[in-house]
Amino acid sequence: MKIPSLKTEQKFFLTTCFVGLTAGLVAVALNHLTHWLSDWAGTNAVTYNWRSFIVGGIFVLISGLLSKRFPFLAGSGIPRTRLQIAMSHGVITAKEWMLKFVTTLFTLASGVPLGIEAPTIAISAGIGSSLSRTFFRNPKQVRELVYIGCSAGIAAAFNTPIAAVIFTLEEIVGNMNARSMAPILIASLVASVTAATFNENSMFVVTAHKLNHPTELFYYLGLGIAGGIAGPLFVRNIVTVKQLSKKIFKHHFITPMVIGFLMTGAFSLINPRVPGPGINLVNDLLMGNAPLPWDQLAMLALLKFLASAFCYGAGMSGGILLPTMVI
């Protein structure tokens, strides 16, 4: 009996679902392996000791050497993904996204306060690109599967499929009316369900909030103003670190990364919550359980601000979205 061949639309739908499934598995694997390595090294939300500095330093050197050998591994990976979509129709080699996984794993396991979300997007986009070039030849379908991979990656990292679709359409596609919205949504849902299947509950604790008194609006207004001021300062800090790294260290690519790691370790002596992504702190605050007095929380925000911006500006493989939320 002859097995009927699949139509292009059917093949594209199945590939879309598989990209979502793979993105979910990648996010789960990267998250679990990072936590396991950082707990083993003693670099996750703790005061660093000699073991933390030695093992974490080795992790940074491994990721730094990989980034020096392959410069495309540096940074979050999202700008490069957008560049590849624009310049090479979304062609991302398997070698690139596999090495990105390894580099990100060792970077985050060292305890530097960066996030998992952006590298997961870049890795998932690479998976979408590899699969698309295996089954399709049309450059348009290759680009669409890269978009689909990006959305699935952020949906798996945060377990937020709708927000992932909006992020992808705004930041990657650049068009909220894109025709590929339906497959992007399907892949995001598959990725989110896959992550949840492996006990990866929502990253943030969902709580019920209500307005108890109109005066609370003034606090929200103040928070918005503070965030609006801190945002440009944060970006300027990152740009300054990049400029100083090129000016002072020149071709010493790994040196700024080591300094960022040592800065994180030194700050952990002041507050042990500086290392790591900080998601537990966010959930404590969402539940109304402030783990520290307000002055210590303010100091923690400042230390996270400095360490995250320096590590990201140094070119370490990690995301800046989660640290921004924590700050």
Side-chain angles (χ1 to χ4, degrees), residues 12-34 72-73 75-85 88-105 107-108 114-136 141-173 178 180-198 200 203 317-322:
F12 190 83
F13 173 77
L14 292 175
T15 307
T16 295
C17 294
F18 189 71
V19 169
L21 173 66
T22 309
L25 294 175
V26 165
V28 170
L30 189 57
N31 191 28
H32 279 261
L33 288 173
T34 299
F72 54 77
L73 299 175
S76 66
I78 294 180
R80 177 169 175 81
T81 300
R82 296 177 64 177
L83 180 65
Q84 288 168 307
I85 292 172
S88 60
H89 302 291
V91 175
I92 304 172
T93 63
K95 174 185 176 181
E96 180 168 341
W97 61 260
M98 288 180 181
L99 286 174
K100 186 66 176 176
F101 183 96
V102 176
T103 306
T104 302
L105 174 61
T107 298
L108 299 183
L114 297 177
I116 195 177
E117 72 291 335
T120 304
I121 295 172
I123 295 166
S124 300
I127 293 172
S129 177
S130 295
L131 288 173
S132 65
R133 288 180 288 111
T134 301
F135 297 108
F136 306 100
Q141 291 173 320
V142 174
R143 285 196 304 270
E144 287 183 348
L145 280 164
V146 173
Y147 298 149
I148 289 167
C150 289
S151 185
I154 197 168
F158 284 109
N159 282 8
T160 51
I162 304 302
V165 173
I166 296 173
F167 174 88
T168 302
L169 294 177
E170 284 187 341
E171 296 297 324
I172 308 298
V173 181
S180 55
M181 180 182 290
I184 287 174
L185 177 59
I186 291 171
S188 299
L189 290 171
V190 172
S192 185
V193 170
T194 301
T197 302
F198 289 88
E200 293 292 313
M203 181 175 286
S317 180
I320 206 66
L321 180 56
L322 183 55

Gap separating the CD1 atom of I148 from the CZ atom of R143, nearest 0.5 angstrom: 12.5 Å
Interatomic spacing from CG in L108 to CG in L114 - rounded to 0.5 Å: 6.5 Å
Give a yes or no on whether the backbone of A125 and the side-chain of S129 come within a donor-acceptor separation of less than 3.5 Å. no
Pick one: which of T16, L131, I127 meets side chain to side chain contact (heavy atoms under 4.5 Å, CB included) with L145? T16
Going by distance alone, is a donor N or O of one side chain under 3.5 Å from an acceptor N or O of the other, for S317 and T104? yes
Interatomic distance, I121 atom CD1 to I154 atom CD1 [nearest 0.5 angstrom]: 4.0 Å
Any side-chain heavy atom of M181 within less than 4.5 Å of one from L169? yes
What's the shortest heavy-atom distance between L321 and E117, and which atoms? N-OE2, 3.0 Å
Restricting to non-hydrogen atoms, name the atom on G153 and the atom on T120 that form the minimum distance, rounded to 0.1 Å. O-CG2, 3.4 Å
Side chain to side chain contact (heavy atoms under 4.5 Å, CB included), paired with V165, selected from L185, T160, L189: L185
What's the shortest heavy-atom distance between L73 and E96, and which atoms? CD2-O, 3.8 Å
I need the K100 NZ to L105 CG distance, nearest 0.5 Å. 12.5 Å
Do any N or O atoms from the side chain of S192 and from the backbone of S188 form a donor-acceptor pair under 3.5 angstrom? no
Please round to the nearest 0.5 Å and tell me the distance separating atom OG of S132 and atom CD of E144. 10.0 Å
To the nearest 0.5 Å, what is the distance between CD1 on I92 and CH2 on W97? 11.0 Å
All side-chain hydrogen bond (donor to acceptor under 3.5 Å, both in side chains) counterparts of T81, not counting sequence neighbours: none
Validation row: F12, P183 side chains within 4.5 angstrom (heavy atoms): yes
Which heavy atom of C17 sits nearest a heavy atom of I186, and at what distance? SG-CG2, 4.1 Å
Heavy-atom side-chain contact between R82 and I172 under 4.5 Å: yes
What are the two closest non-hydrogen atoms of T93 and S130, and how far apart are they? C-OG, 4.2 Å
By side-chain hydrogen bond (donor to acceptor under 3.5 Å, both in side chains) - contacts of T103 (at least two apart): none
Please enumerate all residues that pass side-chain hydrogen bond (donor to acceptor under 3.5 Å, both in side chains) together with T168, with sequence neighbours excluded. none
Results of salt bridge (Lys or Arg N to Asp or Glu O under 4.0 Å) for R133 - residues two or more places apart only: none
Looking at every heavy atom in both Q84 and V91, which two are closest together, and how far apart are they? NE2-O, 3.7 Å
Residues that F135 engages under ring pair (Phe, Tyr, Trp, His ring centres under 6.0 Å), provided they are two or more places apart: none
Please output the side-chain donor-acceptor pairs of residues 19-29 that fall under 3.5 Å, not counting sequence neighbours, one pair per line with the distance.
residue: T22; atom: OG1; partner: F18; partner atom: O; Å: 2.7

